[in-house]
Amino acid sequence: MQEFRVQNSSGNPLLFTVNLRWKNAQKKNNNTMRYIVLFIASLLCKNSFAQHCPFDGAHLIAVKAVGKNGKMMKSGNPVFYLKEVDNAMADSCTSSPGLIKKQILTAVQFKTDCNKRYDRNGYNATLKDRLTKAGVFANANGMININQGECTCTLIGKSETVYTNYIYQPRKFVIAYTMNGKEITVPVPAGSIFSLCTNNDLQNFEPVTIQL
């Protein structure tokens with residue numbers, strides 16, 4: 001509380017009491033609410049950007065085929081396939097049902113595929129630049145792009161509520177190829193499946209190395 005003394009037209013003193021504490025508190029609360037609103041808005045914008053990455057759900061798996069001398073082979077490679085294994089529930093996956101099998105592409109084929117997928121607003125040029133800087137094209141002679149449904153098997157489990165009980169099961173893969181009439185498989189480690197979203201700089205990129 002604060003008092004103010006003034007005089008009226010007759011010269012008599014008048015006393016006014018003002019509750020400044022309430023006004024200051026109200027101003028402080030308004031400022032606090034303003035900061036809270038700005039903070040929430042910034043979080044929403046950040047999440048919106050993250051969820052609308054042009055490469056959302058896309059993942060890269062790359063193969064490096066090397067000869068007996070340990071050097072990457074430039075030609076004469078067998079045809080490689082990415083094959084899913086150990087998934088008895090594959091037919092029940094809500095997206096991309098069935099066991100995944102896709103042919104590994106050469107670098108040229110992969111770039112052509114990316115042109116079809118991301119050739120809008122400069123996204124493909126950005127992706128190729130990121131992959132080049134990460135050494136993907138220099139250190140791998142085969143690669144494939146898989147989407148979120150191909151990377152993760154989504155199953156619907158039992159639920160005792162009105163909400164759907166989704167079960168997310170990472171798929172397991174091998175690289176398969178044929179030599180001398182015999183199929184050979186090489187496991188794909190989980191660490192060799194790389195997200196292509198822009199929050200991943202691919203600095204830890206490492207292909208699946210196959211000794212031929």
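On a predicted model such as this, the values are computed, not experimentally measured, just so you know.
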Undergrad: Tell me if the CD atom of E206 is crowded by more than 12 foreign heavy atoms within 6.0 Å.
TA: no
Undergrad: Hydrophobic clusters here meaning ILVMFWY residues chained together by side-chain heavy-atom distances under 4.5 Å, can you tell me if I104 and I184 are in one?
TA: yes
Undergrad: Ignoring hydrogens and geometry, is there a side-chain-to-backbone donor-acceptor pair from T106 to Q109 under 3.5 Å?
TA: yes
Undergrad: Minimum heavy-atom separation for L155 and C93, please, with both atom names.
TA: CD2-N, 3.9 Å
Undergrad: Let me check something: do I156 and Y168 share a hydrophobic cluster, defined by ILVMFWY side-chain heavy atoms less than 4.5 Å apart, either directly or through other members?
TA: yes
Undergrad: With a 4.5 Å heavy-atom cut-off, do L82 and I146 have their side chains touching?
TA: yes
Undergrad: So, for K128 and N115, which heavy atoms are closest and what is the spacing to 0.1 Å?
TA: NZ-OD1, 4.1 Å
Undergrad: Could you tell me whether the side chain of S192 and the main chain of V188 form a donor-acceptor pair under 3.5 Å?
TA: no
Undergrad: Rounded to the nearest 0.5 Å, what separation is found between the CE atom of M72 and the OG1 atom of T209?
TA: 10.5 Å
Undergrad: Is V66 close to K71 at the side-chain level, that is, under 4.5 Å between some pair of heavy atoms?
TA: no
Undergrad: Has the side chain of N141 got a donor or acceptor atom that lies under 3.5 Å from a matching backbone atom of A65?
TA: yes
Undergrad: With hydrophobic residues grouped by side-chain heavy-atom distances under 4.5 Å, do F205 and I210 end up in a single group?
TA: yes
Undergrad: Return the minimal non-hydrogen interatomic distance between T185 and A176, and the atom names on each side.
TA: CG2-CB, 4.0 Å
Undergrad: Has the side chain of K102 got a donor or acceptor atom that lies under 3.5 Å from a matching backbone atom of N145?
TA: yes
Undergrad: Considering non-hydrogen atoms only, spot the tightest contact between Y177 and Q211 and give its length.
TA: OH-O, 3.9 Å
Undergrad: Quick check: do V136 and F110 have side-chain heavy atoms less than 4.5 Å from each other?
TA: no
Undergrad: Could you go through I61 and M143, starting from their C-alpha distance and side-chain angles, then the distance that decides it, and tell me whether this counts as side chain to side chain contact (heavy atoms under 4.5 Å, CB included)?
TA: CA-CA 6 Å; I61 298 175; M143 51 212 72; over 6 Å; no
Undergrad: Would you give the length of the straight line joining atom CD of Q148 to atom SG of C153, rounded to the nearest 0.5 angstrom?
TA: 11.5 Å
Undergrad: Answer whether the closest heavy-atom distance between the side chains of C114 and N124 falls below 4.5 Å.
TA: yes
Undergrad: Which is it for K83 and E183 under the side chain to side chain contact (heavy atoms under 4.5 Å, CB included) test, yes or no, and what are the steps along the way?
TA: CA-CA 12 Å; K83 292 180 63 175; E183 183 180 70; 3.3 Å; yes
Undergrad: Tell me the closest heavy-atom pair linking L202 and S195, and the distance in Å.
TA: CD2-O, 3.9 Å
Undergrad: Report yes if some heavy atom in the side chain of Y81 is under 4.5 Å from a heavy atom in the side chain of V79; otherwise report no.
TA: yes
Undergrad: Would you say the side-chain atoms of N180 pair up with the backbone N or O of K182, donor to acceptor, closer than 3.5 Å?
TA: no
Undergrad: Quick check for you: to the nearest 0.5 Å, what is the distance between I167 atom CD1 and M89 atom CE?
TA: 8.0 Å
Undergrad: Do V186 and V174 come within less than 4.5 Å of each other through their side chains, counting heavy atoms only?
TA: no
Undergrad: Please confirm whether the backbone N or O of T161 pairs with a side-chain atom of S159, one donor and one acceptor, at under 3.5 Å?
TA: yes
Undergrad: Any side-chain donor paired with an acceptor under 3.5 Å for D113 and Y118?
TA: no
Undergrad: Identify the residue among D86, I193, V208 that makes a side-chain contact (heavy atoms from CB on, under 4.5 Å) with F173.
TA: I193
Undergrad: Short question: side chain of R171, backbone of E150 - any donor-acceptor pair under 3.5 Å?
TA: yes
Undergrad: Which heavy atom of A140 sits nearest a heavy atom of A62, and at what distance?
TA: CB-CB, 3.8 Å
Undergrad: Under 3.5 Å, side chain of T94 to main-chain N/O of T154, donor-acceptor pair present?
TA: yes
Undergrad: When hydrophobic residues are tied together by side-chain contacts of less than 4.5 Å, even through go-betweens, does F137 share a cluster with L105?
TA: yes
Undergrad: Can you list the steps and then say if L131 with L196 is a side chain to side chain contact (heavy atoms under 4.5 Å, CB included)?
TA: CA-CA 9 Å; L131 296 179; L196 290 181; 4.0 Å; yes
Undergrad: What I'd like to find out is whether the side chain of S96 reaches to under 4.5 Å of the side chain of I100, using heavy atoms alone.
TA: yes
Undergrad: Using a 4.5 Å cut-off on heavy atoms from C-beta on, say whether the side chain of P78 contacts that of M179.
TA: yes
Undergrad: Does the side chain of N87 come under 3.5 Å of the side chain of Q169 through a donor N or O and an acceptor N or O?
TA: yes
Undergrad: Determine the interplanar angle of the Y123 and F55 rings, folded into 0 to 90°, and report it as parallel if under 30°, tilted if 30 to 60°, perpendicular if over 60°.
TA: perpendicular
